[in-house]
Amino acid sequence: MAKIIIDGQTIETREGVPVLRAALEGGFDVPHYCYHPGLSIVASCRLCLMEMKMPNPKTQELVWSPKLVPSCQTPVRDGLECRFNTDTVRNNQAHCMEYFLLNHPLDCPVCDQAGECWLQDYSYKFGNPESRMVDQKLKNPKKDIGPKTLLYQDRCVMCSRCVRFTDEISGTHELAIINRGSRSEIDVFPGMPLDNALQGNVVDICPVGSLLDKDFLFKRRVWELRGSDSVCPHCATGCSIRIDHADNRVYRLKPRYNPKVNQWWMCDYGRFGYKHVHDKDRITAPKVRRGFETTTPNWEDLPEILRFRFEEHARERGAEKIAVVLSPFLACEEAWLLLRFVRELAPACALVAGPIPHEGSDEQFPVGANGSAVKFTILKEKCPNRRGIELLLSNAGGSQLAFADFVTCAANGDFTGAWITGGYPKPWIEKELTKAAEKIEFLVLQDFHDSELAASATIVLPACAWAEREGSFMNAAGVIQPFDWATNPPEGARRDGQYLYEIAGLSGLYNAERVREMMSESIPEFQTVYAAPAEPVHAH
Amino acid sequence: VVNNVETLSCVPHIIERGAEWFTAIGPPHSTGPKLFCISGPVKQPGCYEDAMTITVRDLIERPDMGGGMLSGKKVKGVLPGGASMGILTADELNMKMDFEDPRKFGLLGLGTAAAVVIDQDTDMRVVLRNMARFYGTESCGQCTQCREGTAWMHKIATRIAAGAGRPQDLDLLLETSRNMGMMPGLSICGLPDGATYPIETIVKKFRGELEAAIRAQPPGRSLEVLTAMN
């Protein structure tokens with residue numbers, strides 16, 4: 001711990017962090033572009049300059065230094081005193097803001113960044129209302145630098161964050177600064193576009209509208225978006241993300257800072273992996289089949305129907321003839337509610353962990369790094385909650401078997417009833433399962449996409465996308481992280497948590513936190529979940 | 001550390017003849033021999049060695065040095081230490097070419113001691129533009145103030161030289177040059193300090209001429225030139 005004085009206020013901070021970081025954490029709005037906590041420090045934007053007390057070389061007495069010093073490059077030492085609220089500092093900030101805008105096109109009305117642009121915010125807060133330049137602006141080109149990203153060079157403030165990102169985090173080195181002086185440009189090398197699995201982060205760390213995401217380009221003004229804190233379900237890493245949505249539609253995913261998991265970054269698979277939420281062939285309503293007749297029951301009647309038919313089957317055929325498959329896409333709470341339900345009505349049923357989708361191999365960044373040099377990992381395990389399901393199963397006890405064995409047994413006719421949960425973002429049901437399921441008379445399928453299996457199931461329940469649900473996932477490292485719902489389920493559907501809550505015999509609205517309280521009575525791991533701390537409001 | 005040839009070539013002499021011999025040359029605050037260069041409209045442009053006791057006038061006039069002005073023209077100004085140190089007027093030619101005197105004349109220092117002479121026929125607006133162009137192209141582009149400031153000063157100076165100056169441009173140049181550089185702590189390297197001294201000293205010392213040139217622009221001419229340039 002160290003105490004420093006900023007603008008006369010004493011704040012407690014950590015020895016060795018940049019003064020800029022300490023100031024931001026202390027709630028001071030210090031303008032900055034080139035500084036990013038996850039990247040090396042270059043001190044080139046010269047916007048965060050401060051006045052600092054230094055020893056007078058002759059008398060060793062601490063006096064205000066006549067020179068400004070970059071707060072990003074000055075490490076915190078106990079007793080350091082600095083100030084930002086002086087004319088000299090403000091004068092430099094005002095001049096810098098005027099300079100940044102000299103060649104900037106002021107095309108905010110058509111710029112995607114408008115509304116979340118640090119050039120807008122800082123100009124408003126620290127700059128002058130008008131430019132004094134009457135000469136022609138330098139017109140820099142717009143460049144297509146990669147399959148997913150556009151570079152509007154005329155909007156660039158040359159903070160070099162993107163270049164440092166590709167050097168230090170992705171390790172792919174696609175970006176560089178070419179030319180010099182005011183003609184400096186960010187560019188890619190000929191024939192080597194910006195194309196790596198982490199490239200979307202350069203758009204996030206670009207403080208202005210220079211690097212833009214083609215996926216989001218011109219789709220929506222950012223001030224119409226609402227953000228919900230969530231966890232990426234794409235792989236078992238479980239990055240903290242924010243779902244930006246409007247009018248019940250997901251528009252983009254952005255990473256949130258999480259010191260335990262993803263730092264400030266997320267991968268492109270996750271970033272663009274929300275498209276299934278709006279798939280047309282989703283299951284959107286419950287269906288109940290009796291003989292050849294299929295009906296869509298009211299949600300209010302459904303718990304009764306499910307309890308009755310499940311219990312009936314268990315009584316008539318024996319509970320050991322029933323299997324329950326828990327998908328690694330279920331939230332811990334949902335899986336626990338389902339377990340509570342089946343353990344009550346059919347205590348002897350078999351429990352099965354759903355299949356774990358794998359794709360390729362683990363990818364580590366920076367490319368070529370290993371050991372402690374690894375800054376980001378994309379796992380081949382493409383599901384968010386394998387460990388959560390395993391934890392719940394290990395606490396549930398009873399008869400359990402692997403998914404492959406379940407399929408074999410079902411094909412042999414060992415099971416007459418089953419509740420299969422899916423919810424995979426991609427079609428996942430293999431022919432063997434569809435074939436084996438023919439032997440299952442009473443099949444409850446809770447799934448996301450319509451399928452052949454859904455057509456033959458006795459009861460079909462719509463599984464909602466993770467963006468529509470709340471709960472918690474346990475990632476590959478064992479961190480249990482809560483996530484919030486962002487959008488509403490499509491018309492006709494209901495959140496999995498809600499109907500599982502009701503069939504588990506609980507009344508009222510499903511609330512993940514309350515369910516976790518109940519869970520923690522028997523499973524202590526759920527007493528506390530890890531929610532990533534928010535970054536300081538003025539940091540970016 | 002990168003040393004220049006002039007520094008290193010002193011070393012053998014100091015070793016052979018001793019430090020006392022070296023410090024006996026020149027005044028106490030600027031000891032040792034020094035290479036002085038002179039270019040521009042003088043009779044004998046070149047590189048000359050002497051102690052740091054000579055004045056700018058010596059460098060221009062002495063028969064074993066510059067040898068006087070070509071065609072008997074008058075000196076209008078001299079950049080005594082290379083472009084970065086700033087400019088002297090014709091009245092300031094008694095400045096000593098040593099490590100201390102230049103500061104008394106508002107210059108950054110002795111610099112390279114490579115003097116550039118400007119004669120009476122040269123338009124100071126053109127000198128201003130030339131200085132601004134050089135630093136505008138030389139800035140590496142890291143620090144904001146230097147990257148944008150030097151290019152802006154070049155644009156302003158180009159416009160003034162083209163005959164579309166505005167009275168406020170001179171103050172703008174001064175303001176811009178005061179807001180960059182390593183000395184106030186605003187940039188990483190010293191290039192912007194060197195960029196501002198010629199601009200600042202030209203504007204300050206030749207303000208009368210520049211203002212007169214701007215006043216002499218026909219009414220409406222500024223707008224015409226500005227429109228054509230943009």
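Letters go in sequence order (proteins before strands), and every chain restarts at 1.
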When you check the side-chain N and O atoms of Asn92(A) and Asn179(B), is any donor under 3.5 Å from an acceptor? no
Between Thr137(B) and chain A, with a heavy-atom cut-off of 4.5 Å, which part of the residue counts as in contact: side chain, backbone, both or neither? both
Does any backbone or side-chain atom of Leu172(B) lie under 4.5 Å from a heavy atom of chain A? Answer side chain, backbone, both or neither. side chain
Interatomic spacing from [atom1] in [X] to [atom2] in [Y] - rounded to 0.5 Å:
X         : Y         : atom1 : atom2 : result
Glu148(B) : His104(A) : CD    : NE2   : 11.5 Å
Phe100(A) : Arg147(B) : CZ    : CZ    : 6.0 Å
Trp152(B) : Leu138(A) : CH2   : CG    : 14.5 Å
Gln136(A) : Thr158(B) : CD    : OG1   : 12.0 Å
Thr176(B) : His95(A)  : OG1   : NE2   : 6.5 Å

Looking at chain B, which one of Val134(A), Ile177(A), Leu49(A), Val69(A) has the largest number of heavy-atom pairs inside 4.5 Å, strictly under? Val134(A)
Among Cys45(A), Ser65(A), Ser184(A), which has the most heavy-atom pairs under 4.5 Å with chain B? Cys45(A)
Using a 6.0 Å cut-off, check whether atom [atom1] of [X] has over 12 heavy atoms from anything other than its own residue.
X         : atom1 : result
Asp87(A)  : CG    : no
Arg125(B) : CZ    : yes
Gln60(A)  : CD    : yes
Lys34(B)  : NZ    : yes
Met183(B) : CE    : yes
Arg132(A) : CZ    : yes
Lys125(A) : NZ    : yes

Can you confirm whether Gln145(B) sits close enough to Cys96(A) that some side-chain heavy atom of one is under 4.5 Å from a side-chain heavy atom of the other? yes
Between Glu175(B), Gln168(B), Arg166(B), who has the most heavy-atom pairs with chain A when the cutoff is under 4.5 Å? Glu175(B)
In terms of heavy-atom pairs under 4.5 Å, which option from Gly141(B), Ala164(B), Gly136(B) contacts chain A the most? Gly141(B)
For the pair Arg46(A) (side chain) and Cys143(B) (backbone), establish whether a donor and an acceptor sit closer than 3.5 Å, ignoring hydrogens and angles. no
Looking at every heavy atom in both Leu186(B) and Leu68(A), which two are closest together, and how far apart are they? CD2-CD1, 3.5 Å
Give, as side chain, backbone, both or neither, the part of Glu98(A) having an atom under 4.5 angstrom from any heavy atom of chain B. side chain
